[in-house]
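Remarks on the structure that follows.
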Amino acid sequence: MRLDEIKDQIMPLDAAAMKECQRRWDSIAKPLGSLGLLEQSIVHIAGITGTADVDLEKKAILVYCADNGIVAQGVTQTSQEVTAVVTENLTKGMTSVCQMAHCAKADVIPVDVGVSRDVQGKGLVREKIAYGTKDFSKEPAMSREEAVAAIEVGIRMVERCKKEGYRLLGTGEMGIGNTTTSSAVASVLLNVAPQVVTGRGAGLSSSGLERKIDVITDAIETYKPSANDPIDILSKVGGFDLAALMGTFLGGAVYHIPVLVDGFISSAAALLAVRFCPQVRDYLLASHTSKEPAGKMVLDALKLTPILHAQMCLGEGTGTAALMPILDMACAVYKNMSTFEEIEIDAYQPLK
């Protein structure tokens, strides 16, 4: 599906399915609402999928891999080559998210949307837009056409996962320099100074952090990306991974698949999606609050309440992997617990 067709395809959540799901929760032999956000998440998923028969058995985490030209300006502790190495390790099950996803019984699907060299490996999806973005301290990160193409990669990946029977998707990314692009995007979307939203990423020194803030500040002042035009923001200071993540959130809303928001980078992309199409917000579920400075700020802007508060900031989709087993536990209670009627005791009544 093309990006220009998206907005007309996104419908409201299924209120009838949510009501039926809530009625099932209220019939289960336990105190009303006692699983809190876990219950609310299952109700939310019923609304997204259009059925109270919630099934999260087949899960995947989409990890978008791309390089960022801004790395040339010393905004990271490691070299750009790390992106390619970790991308190939994703295909071998040799990364943090792979280990966590194995425990969560979820597949990890790495997608090369812009790694700076050719990469290979079993299960790698090749959707390379270019060999990394441009150095946005010297020129815009990408063309508007490239930004749209990367967004459409994310939409297509959700469509593909829908056809393959996946019922729950997590979002992840791998790209050295992408906390710089995400901080730039967040600064524009939230209308706050770069120093407020920019952190040390994978471990910058104080001088490195100052450099990171300076290049973001200069780029925003030079290109003046429009806060009301997510594609303009992406093309000037974004990354291919952010664009594909944005497309994944759009695709989740179109194809009625629940998509979990990971940390700061993923949530910045989610905010881009919501600014592009506000209805997408109803289709988002937040996994955790990132330790990055703007992690909570972006979730607050999205009006999302995360379930986990673990001070994580690894990325790769690790936050979504951590949440998946918890949602499985909630589903087990929802589907398998006895009702008040079945055990012949009086049901709890809502307090006025």
Side-chain angles (χ1 to χ4, degrees), residues 10-61 100-107 158 161-171 252-262 279-289 299 302-310 317-352:
I10 299 176
M11 300 292 109
L13 298 179
D14 190 319
M18 295 173 75
K19 185 176 181 180
E20 183 181 349
C21 182
Q22 187 63 62
R23 187 162 48 242
R24 164 66 185 169
W25 273 120
D26 292 346
S27 74
I28 291 172
K30 64 171 189 59
L32 293 173
S34 53
L35 286 181
L37 292 175
L38 303 189
E39 294 188 34
Q40 293 174 34
S41 296
I42 300 302
V43 173
H44 192 175
I45 290 169
I48 291 170
T49 59
T51 176
D53 184 16
V54 176
D55 178 2
L56 304 179
E57 186 66 25
K58 190 171 183 180
K59 301 179 282 288
I61 301 172
M100 295 173 71
H102 178 73
C103 293
K105 299 180 181 177
D107 297 326
V158 178
C161 287
K162 175 85 169 184
K163 290 177 180 177
E164 293 177 0
Y166 287 100
R167 303 300 184 93
L168 178 66
L169 299 177
T171 50
V254 169
Y255 295 107
H256 300 278
I257 297 182
V259 180
L260 303 178
V261 181
D262 188 34
Q279 302 97 301
V280 170
R281 187 255 166 223
D282 291 340
Y283 285 81
L284 302 176
L285 296 101
S287 62
H288 74 115
T289 305
L299 290 180
L302 287 164
K303 297 182 173 61
L304 294 179
T305 303
I307 291 177
L308 303 176
H309 298 271
T318 50
T320 68
L323 180 60
M324 284 176 173
I326 297 175
L327 292 177
D328 282 340
M329 294 176 200
C331 249
V333 175
Y334 174 73
K335 288 186 168 185
N336 302 327
M337 273 282 288
S338 299
T339 65
F340 290 108
E341 183 179 0
E342 287 168 344
I343 62 174
E344 297 181 342
I345 64 171
D346 293 337
Y348 281 96
Q349 298 300 317
L351 295 176
K352 300 298 182 183

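If you read the sequence from its start, that first residue is 1, and numbering goes on from there. Every heavy atom of this structure was used, including side-chain atoms; hydrogens, water molecules and symmetry mates were not.
- Residues Thr320 and His288 form no side-chain contact, since every pair of their non-hydrogen atoms from C-beta on lies 4.5 Å or further apart.
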Test side chain to side chain contact (heavy atoms under 4.5 Å, CB included) applied to Val158 and Val254, step by step:
CA-CA 9 Å; Val158 178; Val254 169; over 6 Å; no

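- Taking 4.5 Å as the limit, some side-chain heavy atom of Leu308 sits within range of a side-chain heavy atom of Ile326.
- Contact of the Val54 side chain with the Arg167 side chain is not registered, since no non-hydrogen atoms from C-beta on lie closer than 4.5 Å.
- Side-chain contact between Leu56 and Ile45 is present, with heavy atoms from C-beta onward closer than 4.5 Å.
- Ile307 contributes atom CD1, which lies 4.5 Å from atom CG of Leu323 (distance to the nearest 0.5 angstrom).
- The structure places CZ of Phe340 at 9.0 Å from CG of Asp26, a figure rounded to the nearest 0.5 Å.
- At a threshold of 4.0 Å, the pair Lys105-Asp328 does not count as salt-bridged, since none of the basic side-chain nitrogens sits closer than that to a carboxylate oxygen.
- Interatomic distance, Ile257 CD1 to Cys161 SG, rounded to the nearest 0.5 Å: 6.5 Å.
- Shown here is Glu342, whose CD atom has more than 12 heavy atoms of other residues, nucleotides or ligands within 6.0 Å.
- Heavy atoms of other residues, nucleotides or ligands lying less than 6.0 angstrom from NZ of Lys335 number more than 12.
- In Glu164, the CD atom is crowded: over 12 heavy atoms of neighbouring residues, nucleotides or ligands sit closer than 6.0 Å.
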